Amino acid sequence: MDPILEVVDLQKKYGGQTALAGIGFSVSPGEIISVLGPSGCGKSTLLQLIAGLQQPDGGEIRLRGETVSSGSRFVPPEKRRINMVFQDYALWPHMTVYDNISYGLKRKKNSAADIKEKVSELLAMLHLESFAQRLPAQLSGGQQQRVAIARALATEPDLLLLDEPLSNLDMRLRIEMRTEMSYLFRRLGTTVFHVTHDPEEAFAMADRLVMMRNGAIDQIDRPHACYRLPATPSAASLLGAGNRLEGESMFEEGVPALQIGSTIVRGASPVVWNNRMKQAEALFRPDAASWETAIGAEADEVAAAAESSANSPFNRIAARVVHSSFEGNRWRVLAEGAPGRRLALFHHEPLASGTTGHLVVPVADTFLYPLPG
Ligand code: ADP
């Protein structure tokens, strides 16, 4: 199937500052793409260029094969079959919910009967029937958000743009709404381009993730694939791998590894490992690590020898507990690794400060990257 959206080598600068450094990707019909990246990486700029709210400095944007931005060619926003849901919803405050949703259909001169049928369908789909005659100010944040989505879907755009659509909702509602939206758009076959800084929101919504950093793309893949092996250290830390160790790059029985003192940490790397690399870093998620309290020097040595053999699927990293804090269904434990690094993990009960032992981390969940230099 031909793509709905194609972005080719798109560039944008503000003064001397590069916001987009030449990025490209395409979106298939019915696909939900989430752009995930830290604040300032260029997500909103990308969204505004696609919507036609700004002009690029270079590159091309095509919608259903038609060039809408390229060199001197620029199709204005109202001529692009795109609707956008803004962070603050931007509902018309003086219009009822019904009128907000029907506005676009009236402008397109749909018949009164068609408009009524379409709006009723959207009100039902978004659980808004009993609010049709209210003004936006008489609605909760979650209800306003649903009206904004209904309004954006009413004219059946080729592409729906969502700009941090859940950022103004409380956590419980955010979790509920991201599942609702994901279900709704898939049922309708809507093609969605969604930007967020929240990995969980991106996971819940996306067929494919576009991971951005500094105006460039680090990785484009299915959410699960990005989660399993992030392409860069910043993608890894954005996806929760907050534990970091540095060491000498090496191979351990053909597996990429790094050496920190007498500890060898093996892992998976998206980079082809080679002997020319000197320093490297290992990143892993607190969720990936479990704790093993030391049981005495001798027994511990035997266990360590068995576990850190090249065939073991686990890394063992010696550490001493610094602090445990309660998180409801588990405890978050802060430990100091032997190389003097703070490392976090989760445990089913608190661990006393000063307890010595090992973080046990699957090799497959340890991500390795070479350091420059
Ligand atoms: P994000 O949406 O990921 O937070 P933005 O696209 O808003 O990122 O911004 C990308 C970069 O461009 C940032 O460094 C930001 O400071 C800069 N920027 C964004 N808009 C403007 C503007 N109107 N004028 C100058 N710099 C801007």
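What you see is a predicted model; the values in this text were computed from it and never measured. Both ligands and their constituent atoms are indexed starting at 1 by order of listing.
Counting atoms of ligand 1 from 1 in the listed order, those under 4.0 Å from a heavy atom of Pro38 are 3 (O). The distance from ligand 1 to the heavy atoms of Cys41 drops below 4.0 Å at these ligand atoms: 1 (P), 3 (O), 8 (O). Taking every heavy atom of Thr45 and a limit of under 4.0 angstrom, the matching atoms of ligand 1 come to 5 (P), 6 (O), 9 (O). Near Ser39, meaning under 4.0 Å from any of its heavy atoms, are these atoms of ligand 1: 4 (O). Atoms of ligand 1 lying under 4.0 Å from any heavy atom of Gln17, numbered from 1 in the order shown and given with element: 14 (O).
Between Lys118 and Glu156 there is a salt bridge, since a side-chain N of the basic residue sits under 4.0 Å from a carboxylate O of the acidic one. The pair Asp158-Arg80 does not meet the salt-bridge criterion, since no charged nitrogen lies less than 4.0 angstrom from a carboxylate oxygen.
Relative orientation of the Phe326 and Trp331 rings is tilted, given thresholds of 30° and 60° on the angle between their planes.
Where the criterion is an N or O separation shorter than 3.5 Å, residue side chain and backbone included, Ala19 fails it with respect to ligand 1.
For Arg64 (side chain) and Ile4 (main-chain N/O), no donor-acceptor pair under 3.5 Å exists by modelled atom type. Between the Arg266 side chain and the Pro313 main chain, no donor and acceptor come within less than 3.5 Å of each other.
A side-chain donor from one of Gln48 and Gln54 sits under 3.5 Å from a side-chain acceptor of the other.
For atom 23 (N) of ligand 1, the closest non-hydrogen atom of the protein is Tyr14 CE2, 3.8 Å.
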